[in-house]
Amino acid sequence: MKLRVSGLSKSFGAVRAVDGVSFALDAGQMLALIGPNGAGKSTCFQCINGQLRPDSGRVEFDGTDVTGLGVATRARMGMARTFQIAQVAVSLTVRQHVALALAARDPAAWRRLGTRGLRGAQEEVQAWLERFELAALADRPCLELPYPELKRVELASALAQRPRVLLMDEPTAGMTRADRRALMALVKQEAARGLAVLFTEHSMDVVFGFADRVAVLVRGRLVAQGTPQQIAEDPQVRAAYLGTTAVEEGA
């Protein structure tokens with residue numbers, strides 16, 4: 001398993017935000033973590049990413065216990081994250097942004113680059129731009145881009161670091177149905193290459209259209225796990241979160 005979460009718990013005072021959550025994610029899988037507002041999704045994400053230290057439980061990445069490690073260490077090990085609001089350096093051009101991500105992957109190697117190596121790095125940057133349909137925007141400042149393109153820049157920059165696990169927090173928030181499906185289609189392509197993807201999402205068309213498995217959090221507890229079809233038919237999930245209309249719209 002690329003990612004294994006076991007008995008994860010986190011409290012803030014008397015509020016138990018995450019309560020004994022366990023699940024696993026393998027290479028090539030897309031797992032959607034869903035639930036109503038206040039269910040504990042963001043807290044769970046932050047514990048997995050290393051922004052928060054859980055009170056109890058364990059996070060394993062590629063068989064290694066990373067529970068006590070920080071964000072930067074997990075990133076170097078191959079864990080990347082995107083955010084609900086795109087985290088992009090708007091003063092950079094699209095090309096510069098992706099190049100910076102490559103440099104972050106191996107700073108020492110970039111410092112050693114000669115002319116031949118620099119040309120190879122430029123070719124890799126161009127390949128990422130083309131892969132995420134950003135080549136035509138390469139020399140435009142990120143500040144000038146519409147929001148859907150900013151999300152693609154953030155995604156391309158995250159994946160240019162060649163992670164093995166990608167965490168995506170509300171990746172399609174604020175996007176139209178067409179734009180969010182286009183973005184997630186790109187993510188699906190990366191999963192087909194072996195990337196393990198964990199994402200939180202409120203748009204049911206994204207969840208039921210792209211997730212291989214779905215885990216449902218309610219009040220910090222994991223109440224159901226399964227395929228999208230199993231989750232759509234689960235009466236407990238319907239009553240607690242989805243409702244008939246949400247499932248029908250996502251189908």
Side-chain angles (χ1 to χ4, degrees), residues 1-11 16-36 39-71 73-82 158-159 161-171 184 187-202 204 206-234 236-237 240-242:
M1 288 292 173
K2 288 296 178 185
L3 182 68
R4 186 181 297 275
V5 176
S6 306
L8 204 66
S9 295
K10 180 67 178 178
S11 296
R16 200 164 180 82
V18 178
D19 191 359
V21 169
S22 299
F23 61 82
L25 175 64
D26 209 348
Q29 288 186 336
M30 293 182 64
L31 171 61
L33 183 64
I34 68 172
K41 302 185 299 297
S42 293
T43 301
C44 186
F45 240 57
Q46 290 168 349
C47 289
I48 294 169
N49 184 227
Q51 291 172 282
L52 288 176
R53 182 75 178 264
D55 299 328
S56 60
R58 183 180 175 100
V59 178
E60 294 177 51
F61 177 48
D62 262 348
T64 299
D65 183 359
V66 299
T67 313
L69 302 181
V71 175
T73 302
R74 297 185 202 203
R76 287 193 294 270
M77 293 175 68
M79 186 182 294
R81 180 178 178 182
T82 65
L159 293 179
Q161 299 177 55
R162 299 192 183 280
R164 296 188 300 281
V165 171
L166 176 65
L167 309 179
M168 306 179 74
D169 191 5
E170 297 284 348
M184 294 306 289
V187 178
K188 193 75 171 179
Q189 290 175 10
E190 298 305 313
R193 295 182 171 99
L195 180 69
V197 181
L198 172 66
F199 66 100
T200 66
E201 186 57 65
H202 280 295
M204 291 299 102
V206 171
V207 172
F208 290 98
F210 293 95
D212 300 304
R213 291 173 44 239
V214 181
V216 185
L217 274 179
V218 177
R219 296 178 183 174
R221 288 182 174 271
L222 202 60
V223 299
Q225 294 188 66
T227 66
Q229 186 64 32
Q230 289 170 332
I231 294 300
E233 295 173 352
D234 189 307
Q236 183 180 7
V237 175
Y241 177 49
L242 289 177

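Counting begins at 1 with the first residue of the sequence.
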*Asks:* With the side chain counted from C-beta on, respond yes when Arg74 and Val59 share a heavy-atom pair under 4.5 Å apart, and no when they do not.
*Replies:*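 A side-chain contact under 4.5 Å exists here.
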*Asks:* Does any part of the side chain of Val187, heavy atoms only, come nearer than 4.5 Å to the side chain of Met168, both counted from C-beta?
*Replies:*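 Answer yes - side chains close enough.
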*Asks:* Looking at every non-hydrogen atom in both residues, tell me the closest pair between Arg164 and Asp62 and how far apart they are.
*Replies:*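 That would be NE-OD2, 2.6 Å.
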*Asks:* Do Leu31 and Val197 have side-chain heavy atoms sitting under 4.5 Å apart?
*Replies:*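 Not touching, per the 4.5 Å side-chain cut-off.
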*Asks:* Could you state the interatomic distance from CD (Gln189) to CG (Leu195), rounded to the nearest 0.5 Å?
*Replies:*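 Result: 12.0 Å between the selected atoms.
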*Asks:* Between Gln230 (side chain only) and Thr227 (backbone N and O only), is there a donor and an acceptor less than 3.5 Å apart?
*Replies:*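 It does hold such a pair.
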*Asks:* Output the distance between atom OG1 (Thr64) and atom CG (Leu69), rounded to the nearest 0.5 Å.
*Replies:*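 Those atoms lie 9.0 Å apart.
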*Asks:* Contact between Met79 and Leu167 at the side-chain level, heavy atoms closer than 4.5 Å - yes or no?
*Replies:*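 Yes - at least one pair of side-chain heavy atoms lies under 4.5 Å apart.
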*Asks:* Looking at every heavy atom in both Arg53 and Thr67, which two are closest together, and how far apart are they?
*Replies:*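 Distance-wise, the nearest heavy atoms are CD-O, 3.6 Å.
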*Asks:* Taking the side chain as every heavy atom from C-beta outward, state whether Glu190 and Leu159 have any atom pair closer than 4.5 Å.
*Replies:*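 A side-chain contact under 4.5 Å exists here.
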*Asks:* Show which side-chain atoms of residues 212-225 pair as donor or acceptor with protein atoms under 3.5 Å away, not counting sequence neighbours.
*Replies:*
from   : atom 1 : to     : atom 2 : distance (Å)
Asp212 : OD1    : Lys188 : NZ     : 3.2
Asp212 : OD2    : Met30  : N      : 2.8
Arg213 : NH1    : Ala24  : O      : 2.9
Arg213 : NH1    : Gln29  : OE1    : 3.4
Arg213 : NH2    : Ala24  : O      : 3.4
Arg213 : NH2    : Gln225 : OE1    : 3.3
Arg221 : NE     : Asp19  : OD2    : 3.2
Arg221 : NH2    : Asp19  : OD2    : 3.1
Gln225 : NE2    : Ser22  : O      : 3.1

*Asks:* Side chains of Arg81 and Leu166: does their closest heavy-atom pair fall under 4.5 Å?
*Replies:*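 The answer is no, as the side chains (C-beta and beyond) never meet within the 4.5 Å cut-off.
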*Asks:* Please report the closest heavy-atom contact between Val71 and Gly50, naming both atoms and the distance.
*Replies:*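 Result for this residue pair: CG2-C, 3.6 Å.
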*Asks:* Between Asp65 and Arg58, is a side-chain contact (heavy atoms from CB on, under 4.5 Å) present by the stated rule, with each step listed?
*Replies:* CA-CA 7 Å; Asp65 183 359; Arg58 183 180 175 100; 3.1 Å; yes
*Asks:* How far apart are the closest heavy atoms of Lys2 and Val165, and which atoms are they?
*Replies:*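 In this case the closest contact between Lys2 and Val165 is CB-CG2, 3.8 Å.
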*Asks:* Can you give me the closest heavy-atom contact between Val207 and Ala32, atom names plus distance?
*Replies:*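 In terms of heavy atoms, the two residues are closest at CG1-CB, 4.1 Å.
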*Asks:* Within the structure provided, determine whether Val21 and Ser9 are in side-chain contact (heavy-atom separation under 4.5 Å).
*Replies:*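 Contact flag for Val21/Ser9 side chains = no.
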*Asks:* What pair of heavy atoms forms the shortest contact from Phe208 to Pro228, and how long is it?
*Replies:*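 Minimum heavy-atom contact is CE2-O, 3.1 Å.
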*Asks:* Side chains of Thr200 and Asp169: any donor to acceptor distance under 3.5 Å?
*Replies:*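 Thr200 and Asp169 do have a side-chain donor-acceptor pair below 3.5 Å.
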*Asks:* Compare all side-chain heavy atoms of Phe199 with those of Met184 and state whether any distance is below 4.5 angstrom.
*Replies:*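 Side-chain contact under 4.5 Å: yes.
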*Asks:* Drop me the distance from Arg16's CZ to Ser11's OG, to the nearest 0.5 angstrom.
*Replies:*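 OG of Ser11 is found 4.5 Å from CZ of Arg16.
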*Asks:* Return all side-chain donor-acceptor pairs below 3.5 angstrom for residues 41-48, not counting sequence neighbours, or 'none' if the list is empty.
*Replies:*
from  : atom 1 : to    : atom 2 : distance (Å)
Lys41 : NZ     : Gly35 : O      : 3.0
Lys41 : NZ     : Pro36 : O      : 3.3

